[in-house]
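In this text, all values refer to a predicted model and were calculated from it rather than measured experimentally.
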Amino acid sequence: FGSRWGSGRRRRPSHRTCQKDRLGLLLQRLGAPKALYNDMASDGVDLEKKLRAVRKKLTQVEKLKEKDPSDLDAAAREKVASEDALRAEERDLESQLAAGGKPAAPAAKPAPAAAPAAAPPQAAPELKKKEAEAATRTQVADAPLAAEKPAPSSLSPMEADKRIKAIKKKLQQIQKLKEKAAAGQALDPEAAEKVAAETEFLREVAALEAGEEYVPPAKPDKCAQKALSQATDDQDASPVSAREDPHAMARAQALEPPPADIGLLIDADTEKRFKALQKKLRDIGKLHEKDKLDKLQADKLKQEPGLIEEIAAIQEKAAKLVEERRARMSAASAPKASFEPRPRTNLPAWQCNECGASGGMGDLIGSDGALACNKCGGTFITHNAPGRDDDEDEDGDDDGEAAAKARKNYESKDLKTKRQKQPPTATKKLDDGVMPTPESATWPEIKEVLESGDRGVDKSRLKKAIEVDRAKAGAPYDAFDQTLLKCSFLTRVELKLPPGTLESEAFQLYFPGALTDGLLELILKENQLKTVPLGIQQLQRIRSLDLSHNQIQILPDTGTWESIAGSLELLDLSFNKLTSIAPLAPLEKLSQLKVDANQLTSLEGVSWRDLKQLTMLSAVGNELASIPEAVGDCAGSLEYLELSENKIVSVPTTLVDLKKLKFLNLAGNPIKDQKIVKAAEKSIKDLKAYLSKIGGSKGKK
């Protein structure tokens with residue numbers, strides 16, 4: 001009875017199909033015409049197939065409508081457009097099934113008026129009956145879908161029962177959610193959506209229990225939703241951009257150029273970070289010009305206050321550093337009372353320790369080498385050097401302890417230098433990835449260095465020393481080329497530039513830049529510098545510093561020199577206008593110190609006791625009145641002592657202790673004891689012998 005096989009699985013025919021087949025077989029046995037049999041066998045089955053196919057297409061159309069219209073291709077849009085035709089076809093098929101499987105009759109055309117006599121009288125009631133039935137069928141075919149009876153459910157009783165159980169379970173969950181909401185608990189969007197669907201679930205249960213087909217309400221078209229949303233957005237996008245951009249002024253300030261070159265003033269990493277932050281902030285500023293933002297763009301807007309704050313912090317730090325350096329530059333050029341030479345006191349040239357008499361050098365009696373007091377004839381005489389105050393020897397214990405404590409600050413307690421004891425510096429140098437290009441330099445000497453080693457690729461052939469000897473004024477050397485301060489690979493720099501070039505802020509504010517950790521030797525002689533560049537305190541590995549032949553009058557404070565005391569070995573301050581070298585006290589690792597042709601009246605600042613490596617001291621052409629007795633503390637290292645052309649009148653006998661002394665020049669000094677001068681001219685051995693002879697325990701000669 002119409003059994004079918006497909007895909008290896010047997011399908012049972014429907015109950016209605018079996019009834020039709022039996023009826024057709026019975027008519028065939030009774031000798032009925034074949035056309036009648038075919039009509040009976042195919043009408044009902046074909047209508048049901050067509051109806052199911054139409055409904056399937058409508059389901060597909062509903063799914064397509066749920067998608068974004070922009071995602072649909074041409075075929076899908078054509079299917080959506082055919083929805084009205086499918087609905088009409090569905091209504092027509094349902095009407096035919098309701099009418100017993102016959103197609104709905106078309107609307108009858110008005111018949112021409114016929115003579116009453118033409119129709120048999122007995123046929124009138126039958127004609128009226130047929131006309132009434134045709135009118136009824138036309139009304140049924142043309143009636144809207146809402147007026148039709150609900151279609152029977154397409155689910156089997158078992159499937160309908162399962163669906164009802166599942167829906168009731170969901171209704172129980174919805175009831176629990178409603179109880180939570182009644183208790184004051186907030187529901188998330190998903191839970192609220194479930195509660196809102198309760199009505200539709202109840203309708204579906206009612207339809208399934210009645211054996212009817214449940215048709216869910218049509219969902220709103222996405223195109224319409226999108227148009228409505230766009231209209232709402234357009235309405236909201238009124239000209240209130242100024243009100244919706246509260247950070248406009250702060251953003252404009254953050255996008256301003258930094259107060260100085262951050263890479264040279266702080267470090268390269270901070271400069272990279274600053275540029276990246278400003279780029280992000282510019283992109284965010286463009287988002288404020290848009291009418292509609294997606295979620296990612298909205299999240300970027302939330303980052304704006306943090307970006308502005310971080311940029312402002314970097315700008316503030318750079319501005320503070322610039323202000324501090326400018327203040328120190330101006331303070332360095334002003335005279336400092338703490339470093340002024342001590343005023344000379346009018347002490348007698350000599351004083352007798354036997355009778356207490358005193359006087360000038362012309363009052364002494366006797367010949368050279370045997371001077372005696374003019375009153376008692378005693379030879380136990382103390383000679384006072386100019387500038388020495390007796391009150392210094394009579395200071396209280398507090399001053400003595402303070403001096404000992406200050407001296408102790410610069411004593412070495414082990415073999416490690418101060419630089420080795422310090423923690424690793426936080427200063428960062430430019431890495432290879434941001435090495436300046438030759439095109440960025442204005443001085444040919446810098447371009448040559450940057451082009452060496454295949455533009456820095458071959459580190460073994462990269463030049464690590466530079467010399468710029470351009471003392472004559474003229475471009476491009478009138479302006480300092482800051483590209484030099486970005487060459488972190490340089491170990492030796494020698495500059496001789498036109499007057500004022502190294503006094504400009506382009507050098508003073510940013511020096512040493514990236515040279516901090518690599519520079520070993522710095523030569524800035526003959527540049528007419530009036531102050532020592534304050535940036536030298538950041539040169540962590542500097543060994544040799546030449547500032548000779550300038551116009552320096554005052555040295556930086558002890559803190560500046562203490563920062564490089566662990567590495568500096570050679571210091572040349574010759575041919576300047578210094579009146580004191582007291583700030584040099586922390587330099588305990590010096591091996592050579594040159595202070596020729598200055599205006600020094602004493603060597604205060606030379607830590608004789610701590611200078612265990614000092615081999616050479618040259619102070620030619622100053623106004624030194626005496627040689628400190630503490631010079632004997634350098635007995636283990638001092639080899640060269642040049643003190644000619646000063647105002648020294650006496651020589652301490654502690655020179656005898658200088659066991660390694662190989663050269664001593666005292667020429668051009670008004671030394672009273674001419675035998676000392678003659679002995680010094682002969683040899684150091686003769687000088688030491690004479691000083692030992694006159695007796696170091698009796699004072700100075």
Side-chain angles (χ1 to χ4, degrees), residues 67-71 185-193 222 225-325 424-437 440 482 485-486 488 509-510 513-514 516:
K67 296 182 179 180
D68 192 347
S70 59
D71 296 338
Q185 297 183 12
L187 300 179
D188 55 10
E190 185 178 357
E193 186 178 355
K222 281 202 169 184
Q225 283 185 341
K226 187 174 182 180
L228 180 61
S229 176
Q230 184 67 30
T232 305
D233 292 340
D234 293 341
Q235 185 179 1
D236 294 340
S238 55
V240 293
S241 57
R243 179 172 56 83
E244 295 178 355
D245 190 3
H247 306 291
M249 185 177 297
R251 184 174 63 254
Q253 294 177 355
L255 291 177
E256 293 180 357
D261 191 321
I262 296 178
L264 296 177
L265 199 62
I266 305 176
D267 55 55
D269 290 343
T270 305
E271 183 181 24
K272 288 181 183 178
R273 178 64 178 167
F274 183 81
K275 292 181 178 179
L277 292 174
Q278 282 197 332
K279 185 178 182 301
K280 288 184 179 180
L281 199 58
R282 289 191 193 96
D283 296 340
I284 290 177
K286 296 177 181 178
L287 295 179
H288 286 284
E289 301 174 0
K290 296 185 177 182
D291 296 333
K292 186 177 180 181
L293 302 177
D294 56 21
K295 185 177 180 182
L296 181 60
Q297 292 172 336
D299 292 340
K300 286 184 178 180
L301 284 181
K302 296 178 182 178
Q303 301 174 4
E304 186 176 17
L307 295 177
I308 294 176
E309 184 178 355
E310 189 172 355
I311 291 175
I314 297 176
Q315 289 178 334
E316 183 180 357
K317 183 178 180 180
K320 186 176 180 182
L321 287 175
V322 171
E323 184 179 355
E324 289 178 356
R325 293 195 178 186
T425 177
T427 306
K428 298 180 181 178
K429 62 181 180 180
L430 292 174
D431 54 16
D432 297 336
V434 292
M435 191 176 76
T437 60
S440 63
Q482 293 184 342
L485 302 181
K486 298 180 181 181
S488 59
L509 278 181
Y510 302 111
T516 300

For this session: Answer whether the closest heavy-atom distance between the side chains of Leu265 and Lys317 falls below 4.5 Å.
Result: no
Seminar exercise, completed: d(Ile262 CD1, Lys272 NZ) to nearest 0.5 Å is 14.0 Å
Exercise. Of the non-hydrogen atoms in Leu187 and Ala191, which two are nearest, and what is the gap between them?
Worked result: CB-CB, 4.1 Å
Problem set entry | Nearest-0.5 Å distance, CG of residue Leu281 to CG of residue Leu255 | 4.5 Å
For this session: Decide salt bridge (charged side-chain N to carboxylate O under 4.0 Å, His left out) for Lys320 and Glu316; before the verdict, give the C-alpha distance in whole Å, the side-chain angles of both, and the deciding distance to 0.1 Å.
Result: CA-CA 6 Å; Lys320 186 176 180 182; Glu316 183 180 357; over 6 Å; no
For this session: Looking only at non-hydrogen atoms, find the nearest pair between Glu256 and Phe274 and report the distance.
Result: O-CZ, 4.4 Å
Problem set entry | Interatomic distance, Leu307 atom CG to Arg282 atom CZ [nearest 0.5 angstrom] | 12.5 Å
Problem set entry | Check ion pair Asp283-Lys279 (N to O, under 4.0 angstrom) | yes
Seminar exercise, completed: Smallest heavy-atom separation, His247 atom then Ile308 atom, equals CB-CD1, 3.9 Å
Problem set entry | Verdict with supporting geometry, Asp299 and Lys295, side-chain contact (heavy atoms from CB on, under 4.5 Å) | CA-CA 6 Å; Asp299 292 340; Lys295 185 177 180 182; 4.1 Å; yes
Seminar exercise, completed: Closest non-hydrogen atoms of Ile266 and Thr270, given as atom of the first, atom of the second and distance, are CG2-OG1, 3.7 Å
Seminar exercise, completed: For Gln253 and Gln315 the tightest heavy-atom approach is O-NE2, 3.6 Å
Exercise. Side chains of Asp269 and Arg273: does their closest heavy-atom pair fall under 4.5 Å?
Worked result: no
Seminar exercise, completed: Scanning both residues in full, the closest heavy-atom pair of Ile311 with Gln278 reads CD1-N, 3.8 Å
Exercise. Do you know which of Lys280, Glu309, His288 makes side chain to side chain contact (heavy atoms under 4.5 Å, CB included) with Glu304?
Worked result: His288
